[in-house]
Asks: 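Here it is, the structure in full.
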Amino acid sequence: MNLLWLIPTLPLIGSVVLSLFGGLLPRRGIAAVALMATGLSLLIALLVSAEFLFQPPAQHHFVQPLWSWIATAGFNVDMALYLDPLSLVMMLVITGVGFLIHLYSTEHMEEEEGYRRFFAYLNLFVAAMLMLVLADNLLLLFLGWEGVGLCSYLLIGFWYRDSANGRAARKAFIVTRIADTAFVIGLLLLFTH
């Protein structure tokens, strides 16, 4: 279970590699990076799940602290991942379905302009969803939520030259900002009470 941190990290690394160096790769190389990032994430998720199911942790949840994120005036927030039965199921759904979407998209998007950009967005989307379901605290969950919102905007507006797609992306952005506002208000209420 100590490999839990790799599950959201691998798609994030894939997204960074494709964003920075994807222009140097042929389409097959881009597809290989994207598939490897999500495929390895799925494989590790299956290994972690097997250990969780066959050697369950003492409290039926596993917390993996990574580092101290905020430590000031008695307010401490760790960057940590939390795995329980519900987050385990969601982690498997995200990595499994995410891998299948990547696999399908390698063929479906083959003739499209922006192939590298699409897979960079898709890898980032998987990483953000994993952060959302594996977050140990509400601030990290909010970070995952923001990542999912950003990727939704980017993927909906992928074919931005078509004005309908641009409008749909802006609509998704505005709806997400409304939800973000409610989320922040909820976080502030929890913090003050």
Asks: Would you say Val184 and Val175 are hydrophobically clustered, going by side-chain heavy atoms of ILVMFWY under 4.5 Å?
Replies: no

Asks: Kindly compute the distance separating CD1 (Ile30) from CE (Met109), expressed to the nearest 0.5 Å.
Replies: 11.5 Å

Asks: Just so I know, are the side chains of Leu92 and Ser49 near enough to count as touching, which here means a heavy-atom distance under 4.5 Å?
Replies: yes

Asks: Please walk me through it: do Phe119 and Val33 pass side-chain contact (heavy atoms from CB on, under 4.5 Å)?
Replies: CA-CA 9 Å; Phe119 281 104; Val33 169; over 6 Å; no

Asks: Mind checking whether His108 and Tyr104 have parallel, tilted or perpendicular rings, split at 30° and 60°?
Replies: parallel

Asks: Does the pair Leu187 and Phe183 meet the rule for a side-chain contact (heavy atoms from CB on, under 4.5 Å), with working shown?
Replies: CA-CA 6 Å; Leu187 285 176; Phe183 198 138; 3.7 Å; yes

Asks: With hydrophobic residues grouped by side-chain heavy-atom distances under 4.5 Å, do Leu66 and Ile44 end up in a single group?
Replies: yes

Asks: Shortest non-hydrogen contact from Tyr82 to Val63?
Replies: CD1-CG2, 3.5 Å

Asks: Which heavy atom of Ile156 sits nearest to which heavy atom of Ala169, and what is that distance?
Replies: CG2-N, 3.5 Å

Asks: Nearest 0.5 Å, what's the CE-CG distance between Met91 and Leu83?
Replies: 5.0 Å

Asks: Closest heavy-atom contact between Asn123 and Ser15?
Replies: ND2-N, 3.6 Å

Asks: Between Trp67 and Ile13, is there a shared hydrophobic cluster once you connect ILVMFWY residues whose side-chain heavy atoms come closer than 4.5 Å?
Replies: yes

Asks: Name all residues meeting the salt bridge (Lys or Arg N to Asp or Glu O under 4.0 Å) criterion together with Glu111; count only those two or more places apart in sequence or in a different chain, and write none if there are none.
Replies: none

Asks: Apply side-chain contact (heavy atoms from CB on, under 4.5 Å) to the pair Met131 and Leu12, showing each step before the final yes or no.
Replies: CA-CA 10 Å; Met131 192 55 64; Leu12 181 62; over 6 Å; no

Asks: Which residue, Leu100, Ile101, Ile94, forms the side-chain contact (heavy atoms from CB on, under 4.5 Å) with Val97?
Replies: Ile101

Asks: Say whether, by atom type as modelled, one donor and one acceptor occur between the side chain of Thr176 and the main chain of Ala172 under 3.5 angstrom.
Replies: yes

Asks: Are Ile185 and Phe191 co-members of a hydrophobic cluster defined by side-chain heavy atoms under 4.5 Å apart?
Replies: no

Asks: Are Phe173 and Ile178 linked, directly or through other ILVMFWY residues, by side chains that come within less than 4.5 angstrom of each other?
Replies: no

Asks: Checking Phe118 now: which residues fulfil ring-ring contact (aromatic ring centres under 6.0 Å, His included) with it, not counting sequence neighbours?
Replies: Phe158

Asks: Are the ring centres of Tyr121 and Phe125 closer than 6.0 Å?
Replies: no

Asks: Roughly how far, to the nearest 0.5 Å, is CE of Met79 from CG of Leu140?
Replies: 5.0 Å

Asks: Output the distance between atom CG (Leu88) and atom CE (Met1), rounded to the nearest 0.5 Å.
Replies: 9.5 Å

Asks: At what distance, to the nearest 0.5 angstrom, does CG of Leu130 lie from CG of Leu6?
Replies: 12.0 Å

Asks: Minimum heavy-atom separation for Arg117 to Tyr160, with atom names?
Replies: NH2-CE2, 3.8 Å

Asks: Taking atom CZ as the centre, does Arg177 end up with more than 12 heavy-atom neighbours from other residues, nucleotides or ligands that are less than 6.0 angstrom away?
Replies: yes

Asks: Do Ser19 and Leu124 come close enough that some side-chain heavy atom pair is under 4.5 Å?
Replies: no

Asks: Please find the pair of heavy atoms, one from Arg27 and one from Glu110, that lie closest to each other, and give the distance.
Replies: NH1-O, 2.7 Å

Asks: At their closest point, which heavy atom of Asp78 faces which heavy atom of Asn137, and how far apart are they?
Replies: O-ND2, 2.7 Å

Asks: To the nearest 0.5 angstrom, please state how far the CG atom of Leu25 sits from the CG atom of Leu18.
Replies: 7.0 Å

Asks: Would you please test Thr38 and Thr95 for side-chain contact (heavy atoms from CB on, under 4.5 Å) and show each step?
Replies: CA-CA 7 Å; Thr38 54; Thr95 55; over 6 Å; no

Asks: Are His102 and Leu122 packed together at the side-chain level, in the sense that at least one heavy-atom pair is separated by less than 4.5 angstrom?
Replies: yes

